[in-house]
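Inspection log for the structure reproduced underneath, given as structure tokens.
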Amino acid sequence: MKREVKAGIAGLVFGSMLVGCGVAPEQEELGGVEDATTEAPASAEAGLEESRGSSTPAAVARYGPAVAYGDGKYFAVWTDVRTGGIYGTRVKPDGTVLDPGGIRINIGDENGVRPAIAFNGKYFFVVWESRDGVDGVRVKPDGTVVGPVFRAIQTDESFGPVRVACSPKICLVTYTISGDDETVIFFTRVTKDGVVLSTADRTLSAFPNFAYDASSTWNNSKKEFLVVWSDEHGEGPENADIYGNRVKENGTILDGTGFPISQAEGAQSTPDVEWTGKNYQVVWSDDRNGNPDIYGTRVSGYGTVKDPDGIPISNAAGAQTEPRLAHHNDKSLVVWDDTRYGPHSVWGARWGENGDVWDPSGFPISSAGLAQQYLPDVAYGADKFFTAYAAQAVYDPSEPHYIVGTRVTHQAQVKDVPALPLTR
């Protein structure tokens, strides 16, 4: 059942993508492209702006964004109706949108959907779902796409969310593989040069079983990744728990088929994770109280769960789902999709290194003038958090929407009202 549901979601996204490409006029494919074998010197930013046709607004989007920070800029990517399907734009810390026409990220022949992004200190690595597996590409901080596209895995049995986390040497790409009676969390390692590495065993979760919604982070202190996911363990989706597994940079799996992070009553789903320098912070959507709330826990670098009962981050009225977090110094900003007032909106709360929630009631991040806002992501850089999310007049993620962004300070001040438009 779970496999059929997840495959149906992926089919819906692909189907809407094809419909979108049929009804929307194709625009000029914007953004520089560079072959990895003939890397050219980086162009000046002004020249890049001219070559991208910055006076042309980006097209409408087809799915929510992902965002990372690197080399003094935020970089948001999303599913787009134009050829290739994966586009993005860079944003300066002062809120200036550098690529208002959007950069075509997927330079391959096959459209992609639902991208993820991470920065390894030199390149942004963007990965996405395709019909035949998981693809990706490197992008320079100046916006130049470094080809060719690499294929993390070739299969028609993979689905998302696809996620990526990077060390300076290796990027870890995670995804789900479906079988007849199971779905399993897998990973692929990609070098800083975009070379896909093969490993003898890339399975992180137990099987036969249903596992999904994986996310990951890099721990520079211990030189390893932590991958977290939602895991049914034979109990059905209404009783799914949060599990984790650590992976060394060389691909060694440290925790067998994973260890439990949250085993509360009800379902725990859509987790995210960040390394803070002292602990991992893990957040998820949790319906132990009847309606989905946001919970979290701290996990040590050795895999010890410090808050086994979970810490309530938001238990407001309505549903709180799809949490994401970014960290700096002694606190993280957790953002999520919130329906406490009816329509979908984006809310946030600051969560301290010591486990304290600084904003127990949460605070609104998305602009009141937008009818529906959802599917947020968040990154930290230049003394601010940057949240990117989807918006539309009627809540229907399968229909076209646009992407906006909002900067948030350490003091929970929302800097961009209205939000910064990243697509039209």
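The figures that follow rest on heavy atoms only: side chains count, while hydrogens, waters and symmetry mates do not.
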Answer yes or no: is there a side-chain heavy-atom contact under 4.5 Å between [X] and [Y]?
| X | Y | result |
| --- | --- | --- |
| Val335 | Val408 | no |
| Arg202 | Arg189 | no |
| His233 | Asp241 | no |
| Trp351 | Val283 | yes |
| Thr155 | Phe186 | no |
| Ser215 | Asp272 | yes |
| Trp218 | Glu249 | yes |
| Ser221 | Trp275 | yes |

Would you be so kind as to tabulate the donor-acceptor pairs closer than 3.5 Å made by side chains of residues 313-320, with sequence neighbours excluded?
{"from": "Gln320", "atom 1": "NE2", "to": "Ala317", "atom 2": "O", "distance (Å)": "3.0"}
{"from": "Gln320", "atom 1": "NE2", "to": "Asp338", "atom 2": "OD2", "distance (Å)": "3.4"}

Pairing residues for Asp293 by the salt bridge (charged side-chain N to carboxylate O under 4.0 Å, His left out) criterion, not counting sequence neighbours: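 In terms of salt bridge (charged side-chain N to carboxylate O under 4.0 Å, His left out), with neighbours along the sequence ignored, Asp293 is linked to no residue.
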
Is the side chain of [X] donor-acceptor paired with the backbone N or O of [Y] at a distance under 3.5 Å, no angle test?
| X | Y | answer |
| --- | --- | --- |
| Asp80 | Tyr87 | no |
| Glu110 | Arg131 | yes |
| Arg90 | Pro141 | yes |
| Asp377 | Val67 | yes |
| Thr217 | Leu226 | no |
| Thr89 | Asp99 | yes |
| Asp337 | Tyr374 | no |
| Lys331 | Val357 | no |
| Arg104 | Asn106 | yes |
| Ser345 | Ser366 | no |

message: Please evaluate residues Leu375 and Trp78 with respect to the criterion side chain to side chain contact (heavy atoms under 4.5 Å, CB included), reporting the C-alpha separation (whole Å), side-chain torsions for both, the decisive distance (0.1 Å), and the verdict.
response: CA-CA 11 Å; Leu375 294 175; Trp78 61 84; over 6 Å; no

query: Should the pair Lys140-Asp142 be classified as a salt bridge under the 4.0 Å nitrogen-to-oxygen rule?
result: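 No salt bridge links Lys140 with Asp142.
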
- request: Report the relative orientation of the aromatic rings in Trp347 and Tyr341; use parallel for angles under 30°, tilted for 30 to 60°, perpendicular for over 60°.
  value: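 Correct class here is tilted.
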
Distance only, no hydrogens: is a donor on one side chain within 3.5 Å (strictly under) of an acceptor on the other, for [X] and [Y]?
| X | Y | answer |
| --- | --- | --- |
| Asp213 | Thr270 | no |
| Ser130 | Arg151 | yes |
| Thr191 | Asp193 | no |
| Asp356 | Trp358 | no |
| Thr257 | Tyr243 | no |

Taking all atoms of both residues into account, what is the closest heavy-atom pair of [X] and [Y], and its distance?
| X | Y | result |
| --- | --- | --- |
| Tyr74 | Ala382 | OH-CB, 4.4 Å |
| Cys171 | Asn120 | SG-CB, 4.5 Å |
| Glu129 | Val162 | CG-CG2, 3.5 Å |
| Thr79 | Arg114 | OG1-N, 2.7 Å |
| Phe225 | Tyr280 | C-OH, 4.4 Å |
| Ala371 | Pro343 | O-CB, 3.5 Å |

message: Just checking Lys248: does its NZ atom have more than 12 heavy atoms from other residues, nucleotides or ligands closer to it than 6.0 angstrom?
response: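 Yes, enclosed.
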
Whether over 12 other heavy atoms sit under 6.0 Å from Lys222 NZ: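 Correct, the count exceeds 12.
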
message: Test side chain to side chain contact (heavy atoms under 4.5 Å, CB included) on Trp128 and Val77; report intermediate values, then the result.
response: CA-CA 10 Å; Trp128 58 85; Val77 294; over 6 Å; no

Say you draw a straight line from [atom1] of [X] to [atom2] of [Y]; how long is it, rounded to the nearest 0.5 Å?
| X | Y | atom1 | atom2 | answer |
| --- | --- | --- | --- | --- |
| Ile242 | Ser285 | CD1 | OG | 9.0 Å |
| Arg350 | His410 | CZ | NE2 | 10.0 Å |
| Glu182 | Phe207 | CD | CZ | 6.5 Å |
| Ile170 | Leu172 | CD1 | CG | 9.0 Å |
| Tyr302 | Glu224 | OH | CD | 9.0 Å |
| Ser216 | Glu274 | OG | CD | 10.0 Å |

query: Given the side-chain rings of His401 and Tyr389, with only the six-membered ring counted for Trp, is the space between their centroids under 6.0 Å?
result: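 Not under 6.0 Å, so no.
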
Worked verdict on Val127 versus Tyr175 for side chain to side chain contact (heavy atoms under 4.5 Å, CB included): CA-CA 10 Å; Val127 296; Tyr175 45 90; over 6 Å; no

task: Could you go through the side chain to side chain contact (heavy atoms under 4.5 Å, CB included) check for Ser230 and Trp284 one step at a time?
output: CA-CA 9 Å; Ser230 188; Trp284 62 87; over 6 Å; no

message: Listing request: all ring-ring contact (aromatic ring centres under 6.0 Å, His included) pairs with a residue in residues 253-272, at least two apart in sequence or in separate chains.
response: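 Those involving residues 253-272 do not exist here.
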
- prompt: Pairs in or reaching into residues 303-312: which pass salt bridge (charged side-chain N to carboxylate O under 4.0 Å, His left out), with residues at least two apart or in two chains?
  reply: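 Passing the test, one end in residues 303-312: Arg298-Asp307.
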
- request: Kindly write out the residues that satisfy side chain to side chain contact (heavy atoms under 4.5 Å, CB included) with Asp416, not counting sequence neighbours, or none if the list is empty.
  value: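 Partners of Asp416 under the side chain to side chain contact (heavy atoms under 4.5 Å, CB included) test: Thr406, Arg407, Leu420.
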
field: ring pair (Phe, Tyr, Trp, His ring centres under 6.0 Å) against Tyr295, all qualifying residues, sequence neighbours excluded
entry: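 With neighbours one apart ignored, the set is empty.
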
